[in-house]
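First comes the structure, then the notes that go with it.
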Amino acid sequence: MPEGPSLLILKENIKHFTGKKIIAASGYATINFDEIQNRKIVSIKTWGKHLFICLPKNNIEIHLRMFGSYTINKQKAHINPKLHLQFAKEELNFYVADVKLTPNISIYDSAADIMSNKWDTAAAKKKLKPIADRMICDTLADQQIFAGVGNIIKNEVLWRAKVHPETKVKDLAATEISSIIKHAVKYAFEFLQYKIAGTLSQYWNAYNQKKCSRCGNSMVKKYTGKGKRVSYFCTQCQVKK
DNA sequence: ACCCATGTTCAGCT
DNA sequence: TAGCTGAACATGGG
């Protein structure tokens, strides 16, 4: 169940495992468990929708994809963990997640992570230049440019910026691109707060909505862009150029 | 009961 | 060869 904000919550929830030793590791992940057993966790990091449990010599990289979940100090019934980490007094389980060992995570550029304090707006604009023929719905979901943006954030951001999802980047005014980027970062942190409060869906203006909360017009649901992901938009507020 | 989805990769085809 | 489609992963909520 992950977009960038949910990964920050995950990191927060498991940060107390930092400094603790993995005394046993198992699960149906296709990794060499010997490489992580008896290692101490050095730090917990995130990049976009990726989680890194950093060990002295390598990192456990976890991606929850669409259906992934985790449990702390308990186990789910009727489903085996992809990765089970046993500590002296605690345990951590990941289900239906991609799990791999990544020796060097410096390939992940924190300037591209919308929730990182290293986020770089100018760098994102630069990356958009050569792909100006692509639709904004695709580029906003591009993890190399906006790591952490998922389909909910995409829809909410375009609604806030009053931009039609199928607009090509080259047809957007510079002010619109700035607005989209500003809203992406801003909404991601709002998403985080709503998610923590358990009120996320109450504050959706576009995603899963029938009516535009700005003008009352019907929202359109359409599979858009190369990615063919669902977009919800108001044809009155978000006019295609 | 069935459909759909906060995601991504990859095989296989044109 | 580039680009597209569908499959795969496999869960859970409406």
Side-chain angles (χ1 to χ4, degrees), chain A residues 1-13 27-31 46-52 60-71 74-84 93-102 105 107-108 112-115 130-131 133-135 137-160 165-166 168 183-210 219-233:
Chain A
M1 326 170 26
E3 294 197 17
S6 299
L7 266 289
L8 287 197
I9 293 170
L10 167 54
K11 180 167 69 173
E12 179 67 19
N13 287 343
Y28 66 96
T30 54
I31 61 168
T46 57
W47 180 83
K49 303 165 189 170
H50 301 244
L51 176 76
F52 305 98
I60 308 171
E61 178 176 350
I62 296 167
H63 194 297
L64 296 176
R65 291 202 144 181
M66 193 84 89
F67 310 131
S69 61
Y70 59 94
T71 59
K74 60 185 170 192
Q75 295 180 3
K76 288 194 166 188
H78 316 301
I79 170 174
N80 292 321
K82 188 74 171 274
L83 178 66
H84 164 79
N93 300 289
F94 292 93
Y95 301 90
V96 203
D98 280 348
V99 177
K100 59 182 178 181
L101 299 183
T102 310
I105 62 170
I107 51 168
Y108 295 101
D113 183 346
I114 53 160
M115 307 206 73
I131 53 167
D133 276 335
R134 291 179 56 197
M135 292 179 183
C137 59
D138 285 325
T139 54
L140 194 48
D142 186 333
Q143 299 301 293
Q144 295 308 312
I145 307 174
F146 299 101
V149 170
N151 212 33
I152 294 174
I153 295 177
K154 177 196 83 179
N155 280 295
E156 293 297 316
V157 165
L158 293 176
W159 181 87
R160 281 161 174 75
E166 293 176 316
K168 289 183 176 179
H183 281 297
V185 174
K186 188 161 177 277
Y187 178 69
F189 285 96
E190 287 176 24
F191 182 125
L192 174 62
Q193 294 309 317
Y194 296 145
K195 186 83 177 174
I196 291 168
T199 57
L200 181 63
S201 61
Q202 294 175 29
Y203 292 94
W204 284 335
N205 290 299
Y207 187 77
N208 260 348
Q209 300 309 294
K210 295 266 187 290
M219 297 293 282
V220 172
K221 177 185 179 183
K222 184 182 179 187
Y223 292 87
T224 58
K226 275 188 183 179
K228 293 191 165 54
R229 298 297 303 279
V230 170
S231 287
Y232 294 87
F233 55 94

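Hydrogens, waters and symmetry mates are skipped; everything else that's a heavy atom, side chains included, is used. So you know, we letter chains A, B, ... as the sequences are listed, proteins then strands, and number each from 1.
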Spacing of A/Gln143 atom CD relative to B/dT9 atom P, expressed in whole Å:
9 Å

For A/Lys154, report the nucleic acid contact type (base, sugar-phosphate, nothing); a contact means any heavy atom under 4.0 Å.
nothing

To the closest 0.5 Å, what do you measure between CD (A/Glu156) and NE2 (A/His183)?
11.5 Å

Checking B/dT6, C/dT11, C/dA8 against the side chain of A/Val96 (C-beta onward), the nearest is C/dT11

Keeping the roles fixed (side chain from A/Glu12, backbone from A/Leu7), state whether a donor-acceptor pair exists under 3.5 Å.
no

Just how far, in rounded Å, is C1' of C/dG13 from CZ of A/Phe67?
11 Å

A/Phe146 has an atom CZ; how far is it from atom P of B/dT8, in whole Å?
15 Å

Establish, with yes or no, whether the OP1 or OP2 oxygen of C/dC9 is under 4.0 angstrom from a side-chain nitrogen or oxygen of A/Tyr28.
no

Rounded to whole angstrom, note down the P distance from C/dG6 over to B/dC4.
15 Å

Test log, rule side chain to side chain donor-acceptor pair (under 3.5 Å), inputs A/Gln193 and A/Tyr203
CA-CA 11 Å; A/Gln193 294 309 317; A/Tyr203 292 94; over 6 Å; no

Look at the side chain of A/Lys76 and decide which nucleotide, out of C/dC9, C/dG12, B/dT6, has an atom nearest to it.
C/dG12

If you count every heavy atom of other residues, nucleotides or ligands that lies below 6.0 Å from A/Lys186 atom NZ, does the total exceed 12?
no

So how far is it from A/Tyr232 OH to A/Ile152 CD1, rounded to the nearest 0.5 Å?
9.5 Å

Give the rounded distance in Å between these two atoms: OH of A/Tyr232 and P of B/dA5.
6 Å

If only atom types and distance count, is the side chain of A/Glu61 paired as donor or acceptor with the main-chain N or O of A/Leu51 below 3.5 Å?
no

Within the structure shown, what part of the strands sits under 4.0 Å from A/Lys82 by heavy-atom distance: base, sugar-phosphate, or nothing?
nothing

Sticking with atom C1', work out how far B/dT6 lies from C/dC4, rounded to a whole angstrom.
25 Å

Phosphate oxygens OP1/OP2 of B/dT6: is one of them under 4.0 Å from a side-chain N or O of A/Arg229?
yes

Within less than 4.0 Å of OP1 or OP2 of B/dG7, is there a side-chain N or O belonging to A/His63?
no

If you look at every strand shown and take non-hydrogen atoms under 4.0 Å, does A/Tyr207 touch a base, only sugar-phosphate, or nothing?
sugar-phosphate

Taking A/Lys222 first and then A/Glu166, would you say they form a salt bridge - that is, a charged N and a carboxylate O separated by under 4.0 Å?
yes

Minimum-distance nucleotide to A/Lys228 side chain [options: C/dT11, C/dT5, B/dT8]
C/dT5

Side-chain N or O of A/Lys49 versus OP1/OP2 of B/dT8: is the shortest distance under 4.0 Å?
yes

Which heavy atom in A/Ile153 sits nearest to a heavy atom in A/Pro5, and how many Å separate them?
CD1-CD, 3.8 Å

Rounding to a whole Å, what distance do you find between A/Ile153:CD1 and B/dA5:C1'?
16 Å

Rounding to a whole Å, what distance do you find between A/Lys210:NZ and C/dG14:P?
14 Å

State which of C/dA8, C/dC4, C/dT11 makes the closest approach to the side chain of A/Arg65.
C/dA8

In whole angstroms, how far is the P atom of B/dA5 from the CD1 atom of A/Ile152?
12 Å

Checking all strands, does A/Tyr223 fall into the base, sugar-phosphate, or nothing category for heavy-atom contacts under 4.0 angstrom?
sugar-phosphate

Take the protein atom CE of A/Met66 and the nucleotide atom P of C/dA7, then report the distance between them rounded to whole Å.
16 Å

What's A/Leu200 touching, base or sugar-phosphate or nothing? Going by heavy atoms closer than 4.0 Å.
nothing

Dot-bracket, DNA chain B: Watson-Crick or G-U, under 3.5 angstrom, [ ] crossing, | other strand?
.||||.||||||||

